[in-house]
Protein chains: 2
Amino acid sequence: MYSIGQIARRTGIKVPTIRYYEQMGLIDPPGRSAGNQRRYDEAGLERLGFIRHARALGLSIDMIRDLISLAQDKEMPCDRAHEIAAQHAAHIREKIARLQRLEAELTRIENSHDSGTVGDCHVLAALTDHSQCMSEH
Amino acid sequence: MYSIGQIARRTGIKVPTIRYYEQMGLIDPPGRSAGNQRRYDEAGLERLGFIRHARALGLSIDMIRDLISLAQDKEMPCDRAHEIAAQHAAHIREKIARLQRLEAELTRIENSHDSGTVGDCHVLAALTDHSQCMSEH
DNA sequence: CTAATGTCTCTAGCAGCTATAGCTTCAAGA
DNA sequence: TCTTGAAGCTATAGCTGCTAGAGACATTAG
């Protein structure tokens with residue numbers, strides 16, 4: 001049996017975050033000690049590892065809750081899990097594309113030199129005038 | 001003179017967001033009509049355009065406030081503006097790199113096929129077992 | 001047994017909005 | 001001029017995913 005602090009150290013998730021995940025319904029409320037402190041078993045540890053990894057990959061709390069609930073029954077088809085992963089991957093790819101467009105704009109702005117005073121600062125001008133942009137954002 | 005709704009339509013910023021920017025100190029409180037409604041002039045319109053563009057490029061409210069305050073005096077050097085832009089560009093590049101690592105992991109997970117049941121679902125397995133990952137995240 | 005550390009609950013705060021409620025004002029048509 | 005419907009006002013709460021604090025109680029090492 002692990003205390004919440006031990007679990008925190010082993011998973012790398014902070015103590016208040018673990019309590020937050022419990023509140024959000026991502027982990028089952030664990031047993032308690034005589035003095036009302038949370039006591040976790042191996043299953044709790046594994047569950048938190050799963051959550052941590054999923055969060056690190058950018059999955060939302062809601063997606064993780066879905067994945068956990070469908071992982072309950074080992075016999076069920078897992079199409080939905082694949083779907084969630086694919087959806088998320090698509091979302092990430094969109095984000096990357098968007099950021100790359102921003103990055104291109106910022107690089108262009110960065111590289112345009114000016115006389116060094118606010119009056120003709122190209123950074124400020126570029127921000128004021130959207131029509132200078134090479135792509136949508 | 002424009003009402004807040006006209007400004008919203010012209011800038012593409014929603015009405016409550018404009019009020020929020022005012023509260024955050026990004027725009028000067030505009031004049032008011034006899035009945036206490038906000039009335040904007042061209043300067044207000046331009047300022048909001050600047051903010052919209054800066055936000056679209058991902059700059060934070062704080063950064064934008066800085067940029068606005070240093071843009072007040074046309075004679076001042078604008079090194080700080082360049083610095084803010086460069087800092088932000090670096091930040092975006094980091095974000096892109098991070099997302100690309102995630103994307104690689106997700107693609108790997110997506111492409112690993114399994115028998116289709118939760119019991120040996122590769123998506124769930126990959127999420128449970130961080131050691132399968134090819135890079136840090 | 002004591003002192004230090006850990007844990008408990010509850011509440012509030014972060015960013016950047018968005019939504020709602022209950023009210024007042026404005027503008028256009030009859 | 002009156003009316004009606006849209007638009008505006010303020011104030012407050014909610015969203016995501018945590019994080020930080022207060023004040024009280026539990027556990028554990030020495």
Side-chain angles (χ1 to χ4, degrees), chain A residues 1-27 29-40 44 47-48 50-68 84 88 91-92 95 98 102 137, chain B residues 1-27 29-40 44 47-48 50-68 84 87-88 91-92 95 98-99 102 137:
Chain A
M1 292 303 225
Y2 312 100
S3 74
I4 196 168
Q6 288 170 327
I7 287 282
R9 252 165 276 130
R10 293 181 64 132
T11 59
I13 304 174
K14 289 183 185 156
V15 168
T17 306
I18 295 174
R19 288 195 278 245
Y20 171 74
Y21 288 158
E22 183 183 329
Q23 214 180 299
M24 291 300 100
L26 296 193
I27 51 182
R32 298 283 181 134
S33 73
N36 199 35
Q37 299 191 350
R38 289 168 179 80
R39 290 301 119 116
Y40 296 87
R47 168 72 61 89
L48 277 163
F50 178 91
I51 294 168
R52 176 167 143 78
H53 196 194
R55 283 296 301 136
L57 288 166
L59 291 157
S60 72
I61 301 281
D62 275 357
M63 283 167 154
I64 297 173
R65 204 179 1 238
D66 282 4
L67 285 174
I68 287 170
I84 289 172
H88 183 60
H91 183 67
I92 295 283
K95 255 191 173 171
R98 202 186 104 81
L102 294 194
H137 42 250
Chain B
M1 291 302 227
Y2 311 101
S3 71
I4 198 169
Q6 288 170 329
I7 287 283
R9 252 165 276 132
R10 294 182 61 133
T11 59
I13 305 175
K14 290 186 186 155
V15 168
T17 307
I18 296 174
R19 288 196 279 245
Y20 171 73
Y21 289 158
E22 182 183 330
Q23 213 180 299
M24 292 300 101
L26 296 193
I27 51 183
R32 298 284 181 133
S33 73
N36 198 36
Q37 299 191 351
R38 288 170 180 80
R39 290 299 118 113
Y40 297 88
R47 169 72 61 88
L48 277 163
F50 178 92
I51 294 168
R52 175 166 143 79
H53 197 192
R55 284 295 300 137
L57 288 165
L59 291 157
S60 72
I61 302 282
D62 276 355
M63 283 167 154
I64 296 173
R65 204 177 3 239
D66 283 3
L67 286 173
I68 287 169
I84 289 172
Q87 227 175 60
H88 183 60
H91 183 67
I92 296 281
K95 255 191 174 172
R98 202 186 105 81
L99 285 177
L102 293 194
H137 41 251

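In what follows, every chain begins at residue 1, and chains take the letters A, B, ... in the order their sequences are listed.
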Chemist: Just the rounded figure in Å: distance from C1' of D/dT28 to CE of A/Met1.
Modeler: 18 Å
Chemist: Taking atom P of D/dC18 as reference, at what distance in whole Å does atom CG of A/Asp62 sit?
Modeler: 12 Å
Chemist: Main chain of A/Ser60, side chain of A/His88: is a donor-acceptor contact present, judged purely on distance under 3.5 Å?
Modeler: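 Between the backbone of A/Ser60 and the side chain of A/His88 there is no qualifying donor-acceptor contact (under 3.5 Å).
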Chemist: Let me know the distance between OH of A/Tyr20 and C1' of C/dC10, rounded to the nearest Å.
Modeler: 16 Å
Chemist: Roughly, in whole Å, what's the span from OH in A/Tyr2 to P in D/dT28?
Modeler: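 It works out to 15 Å between those atoms.
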Chemist: Look at A/Tyr21 and D/dC18 and indicate whether a side-chain polar atom (N or O) is within less than 4.0 Å of OP1 or OP2.
Modeler: yes
Chemist: So does B/Leu48 get a backbone contact from the side chain of B/His53, meaning a donor-acceptor N/O pair under 3.5 Å?
Modeler: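 It does not hold such a pair.
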Chemist: Ignoring backbone atoms, establish whether A/Ser3 has a side-chain N or O less than 4.0 Å from OP1 or OP2 of C/dG6.
Modeler: no
Chemist: So, does A/Thr17 get its side chain near the phosphate of D/dT19, meaning an N or O under 4.0 Å from OP1 or OP2?
Modeler: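 A/Thr17 to D/dT19 OP1/OP2: side-chain N or O found under 4.0 Å.
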Chemist: Would you confirm whether A/Arg38, through its side chain, and A/Ser3, through its main-chain N or O, come within 3.5 Å as a donor-acceptor pair?
Modeler: no
Chemist: Specify the separation, in whole Å, of atom CG of A/Leu59 and atom C1' of D/dC18.
Modeler: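 Those two atoms, CG and C1', are 17 Å apart.
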Chemist: Please determine, for the side chain of B/Ile61, which listed nucleotide (D/dT10, C/dT18, C/dC17) has the closest atom?
Modeler: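 It is C/dC17.
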Chemist: Measure NZ/B/Lys14 against P/C/dT18 and give the value in whole Å, please.
Modeler: 4 Å
Chemist: With a 4.0 Å limit, can you tell me whether B/Arg19 has a side-chain N or O closer than that to the phosphate oxygens OP1/OP2 of C/dC17?
Modeler: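 Negative; the distance criterion is not met.
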Chemist: Working note: A/Thr11 + A/Ile51, criterion side chain to side chain contact (heavy atoms under 4.5 Å, CB included); need CA distance, chi angles, decisive distance, verdict.
Modeler: CA-CA 10 Å; A/Thr11 59; A/Ile51 294 168; over 6 Å; no
Chemist: What does the list of N/O pairs under 3.5 Å between the protein and nucleotides 24-27 of chain C look like, with a distance for each?
Modeler:
from	atom 1	to	atom 2	distance (Å)
C/dC26	OP1	B/Ser33	OG	3.0
C/dC26	OP1	B/Gly35	N	2.8

Chemist: Side-chain N or O of A/Arg38 versus OP1/OP2 of C/dT9: is the shortest distance under 4.0 Å?
Modeler: yes
Chemist: Rounding to a whole Å, what distance do you find between B/Arg65:CZ and C/dG16:C1'?
Modeler: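 In whole Å, C/dG16 C1' lies 12 Å from B/Arg65 CZ.
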Chemist: So what does A/Arg9 hit on the nucleic acid, given a heavy-atom distance under 4.0 Å: a base, only sugar-phosphate, or nothing?
Modeler: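 Result for A/Arg9 = nothing.
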Chemist: Atom CZ of B/Arg55 and atom C1' of C/dC17: how far apart are they, to the nearest Å?
Modeler: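 Distance check: B/Arg55 CZ to C/dC17 C1' gives 9 Å.
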